[in-house]
Protein chains: 2
Amino acid sequence: MTTNRVKLNNAGKRFTHQRALIMDIIRRGQGHLDADEIFRRAREKESRLSLSTVYRTLQMMKELELVDELHFSENHHHYEVKPTKEHYHLVCLGCGRVIEFGYPLSRYLKKEVPELKDFDIDETEIRVAGYCNLCRRTRR
Amino acid sequence: MTTNRVKLNNAGKRFTHQRALIMDIIRRGQGHLDADEIFRRAREKESRLSLSTVYRTLQMMKELELVDELHFSENHHHYEVKPTKEHYHLVCLGCGRVIEFGYPLSRYLKKEVPELKDFDIDETEIRVAGYCNLCRRTRR
DNA sequence: TTTGATGCAAATACTTTGCAATGGG
DNA sequence: CCCATTGCAAAGTATTTGCATCAAA
């Protein structure tokens with residue numbers, strides 16, 4: 001809320017009500033909304049808001065590191081407010097549910113994997129796909 | 001080569017020269033080509049080959065598990081022949097280079113992460129983004 | 001010969017951009 | 001007031017689909 005306003009202002013950006021609305025939707029969305037879904041939800045409140053504003057806001061929030069863009073096996077992305085702790089995703093190929101799990105992995109990787117020794121890690125994305133315990137029974 | 005022919009035939013698919021060519025390009029591409037690049041390379045040999053054939057072939061190869069589709073931070077995907085051993089990707093945000101590393105992680109995750117206990121893992125994708133040792137010096 | 005695969009063109013999905021109008025600081 | 005931001009429409013990029021023709025088995 002107010003912290004976002006400060007972050008934007010510090011970056012010479014304005015805290016418009018469109019931006020406030022979009023951020024709020026992403027926050028409530030528990031991190032699993034795509035651009036179009038964010039747009040549809042925003043329109044319920046602000047019927048004149050445009051899809052370009054959604055895309056432009058997402059772009060900006062990525063740059064300011066306020067949100068993360070997640071890359072699932074689709075032709076579009078999903079967004080979530082940047083979490084403070086490390087967390088990753090489990091995608092069920094049966095029902096599409098996304099289960100989030102927190103686990104401190106990047107320190108482990110850095111230590112274990114030789115290729116990572118000389119690498120300055122910015123972010124780690126892990127996506128485990130498979131079938132959840134509900135779907136595995138009814139599979140196929 | 002011949003093994004692919006057998007796999008296709010078993011699935012009731014035909015081993016066309018377009019498919020052979022596309023598979024060959026993906027194999028040579030060391031796993032870091034997108035659909036359009038595959039198309040451009042294929043056209044050098046088969047000038048009448050169409051982009052839809054590339055997409056249709058990629059789709060089919062994914063289903064037959066002959067290739068993997070990789071999801072980087074872009075609006076399109078990259079493809080590689082399905083590796084037999086576990087391996088993951090390091091993407092340099094400076095030069096765009098993709099460094100591949102092999103590491104047996106899924107057994108470890110399965111054991112360590114409670115959310116994975118009840119989950120039937122199909123595939124694990126890890127993407128570590130950051131700066132390689134060449135780029136980290138000249139960064140910004 | 002049969003039917004799955006291809007090329008082409010057109011359709012769809014997702015994202016970005018130009019520009020005049022608007023509104024936050 | 002100024003200039004970043006917006007809405008709208010149009011363009012750009014990525015992918016899919018319908019259909020007549022072609023070719024693998």
Side-chain angles (χ1 to χ4, degrees), chain A residues 1-2 4-23 25-26 32-64 66-67 69-79, chain B residues 1-2 4-23 25-26 32-64 66-67 69-79:
Chain A
M1 2 272 150
T2 304
N4 281 337
R5 173 172 223 129
V6 171
K7 280 204 186 180
L8 292 191
N9 289 343
N10 284 346
K13 307 284 178 193
R14 289 173 184 173
F15 187 74
T16 65
H17 61 108
Q18 289 97 327
R19 287 176 179 173
L21 175 58
I22 290 170
M23 288 184 192
I25 288 169
I26 296 174
H32 310 300
L33 306 178
D34 59 25
D36 200 61
E37 183 59 30
I38 293 167
F39 173 60
R40 269 179 277 132
R41 294 189 187 189
R43 277 232 146 165
E44 290 171 11
K45 291 257 176 186
E46 280 286 338
S47 62
R48 288 183 27 93
L49 183 136
S50 77
L51 185 54
S52 357
T53 296
V54 173
Y55 277 111
R56 279 187 283 226
T57 302
L58 290 172
Q59 184 74 38
M60 186 208 66
M61 291 168 75
K62 265 196 290 175
E63 278 159 18
L64 294 186
L66 291 170
V67 302
E69 186 180 67
L70 310 171
H71 311 101
F72 298 151
S73 344
E74 293 174 347
N75 297 331
H76 58 264
H77 312 307
H78 290 242
Y79 299 87
Chain B
M1 0 280 156
T2 304
N4 280 336
R5 174 173 223 128
V6 171
K7 282 204 185 179
L8 292 191
N9 288 345
N10 283 345
K13 308 283 179 193
R14 291 174 183 173
F15 188 74
T16 65
H17 60 107
Q18 289 97 327
R19 287 177 177 173
L21 175 58
I22 290 170
M23 289 183 191
I25 288 169
I26 295 174
H32 311 299
L33 306 178
D34 59 23
D36 199 61
E37 182 59 29
I38 293 166
F39 174 60
R40 268 177 279 131
R41 294 189 187 188
R43 276 233 147 164
E44 289 171 10
K45 290 260 176 185
E46 279 286 339
S47 62
R48 286 181 32 92
L49 184 138
S50 78
L51 186 53
S52 358
T53 296
V54 172
Y55 277 111
R56 280 188 282 226
T57 301
L58 289 173
Q59 185 73 38
M60 186 209 66
M61 291 168 76
K62 266 198 290 177
E63 279 158 16
L64 294 186
L66 291 171
V67 302
E69 185 180 68
L70 310 171
H71 311 101
F72 298 151
S73 345
E74 292 175 348
N75 297 331
H76 59 263
H77 312 306
H78 290 241
Y79 300 87

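Quick note on labels: first sequence line is chain A, next is B, and so on, each numbered from 1.
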Item checked: Interatomic distance, B:Glu74 CD vs C:dT16 P [rounded to whole Å] -> 12 Å
Note to self: Looking only at the side chain of A:Arg14 (C-beta and beyond, no hydrogens), which of the listed nucleotides D:dT15, D:dA4, C:dG7 gets closest?
What the structure shows: D:dA4
Notebook entry, point to check: Whole-Å distance between D:dT16 C1' and B:Lys62 NZ?
Noted result: 12 Å
Next item on the list: Nearest whole angstrom, please: distance from the C1' of C:dG23 to the NZ of A:Lys13.
Entry: 17 Å
Notebook entry, point to check: Would a distance-only check, ignoring hydrogens and angles, find a side-chain to backbone donor-acceptor pair under 3.5 Å from B:Arg19 to B:Arg14?
Noted result: yes
Next item on the list: Please determine which of B:Leu33, B:Ile22, B:Ile25, B:Leu49 meets the side chain to side chain contact (heavy atoms under 4.5 Å, CB included) test together with B:Phe39.
Entry: B:Leu49
Next item on the list: Quickly work out the A:His17 NE2 to C:dG23 P distance and round it to whole Å.
Entry: 7 Å
Notebook entry, point to check: Do the side-chain N or O atoms of B:Arg48 get closer than 4.0 angstrom to the phosphate oxygens (OP1, OP2) of D:dC22?
Noted result: no
Next item on the list: Name every residue in residues 50-61 of chain A that has at least one heavy atom under 4.0 Å from any atom of DNA chain C, in order of residue number, or write none if there are no such residues.
Entry: A:Leu51, A:Ser52, A:Tyr55, A:Arg56, A:Gln59
Check: Taking atom types as modelled, is there a side-chain donor on B:Asn75 or A:His76 under 3.5 Å from an acceptor on the other?
Finding: no
Notebook entry, point to check: Atom CG of A:Asn10 to atom P of C:dG25: distance rounded to whole Å?
Noted result: 13 Å
Checklist line | Shortest side-chain distance from B:Asn75, nucleotide among C:dT16, D:dA25, C:dG25 | finding: C:dT16
Item checked: Derivation and outcome, side-chain contact (heavy atoms from CB on, under 4.5 Å), residues A:Lys62 and A:Val67 -> CA-CA 5 Å; A:Lys62 265 196 290 175; A:Val67 302; 4.3 Å; yes
Checklist line | Charged N-O contact under 4.0 Å between A:Glu37 and A:Arg41 | finding: yes
Check: Rounded to the nearest Å, what distance is computed from the CZ atom of residue A:Arg5 to the C1' atom of nucleotide D:dA4?
Finding: 15 Å
Next item on the list: Mind calculating the distance between NE2 (B:His76) and P (D:dT13) to the nearest angstrom?
Entry: 13 Å
Next item on the list: Give B:Asn9 one of three labels, base, sugar-phosphate or nothing, depending on what nucleic acid heavy atoms sit under 4.0 Å from its own.
Entry: sugar-phosphate
Next item on the list: State whether a side-chain donor-acceptor pair under 3.5 Å links B:Glu46 with B:His17.
Entry: yes
Next item on the list: Return the 5'-most residue of the pair B:Ser47, B:Arg19 with respect to DNA chain C, ranking by each residue's nearest nucleotide.
Entry: B:Arg19
Next item on the list: Quickly work out the A:Phe39 CZ to C:dT16 P distance and round it to whole Å.
Entry: 15 Å
Check: So, is A:Gln18 close to the C:dG24 phosphate, meaning a side-chain N or O under 4.0 Å from OP1 or OP2?
Finding: no
Check: With a 4.5 Å limit on heavy-atom distance, are the side chains of A:Leu58 and A:Ile26 in contact?
Finding: yes
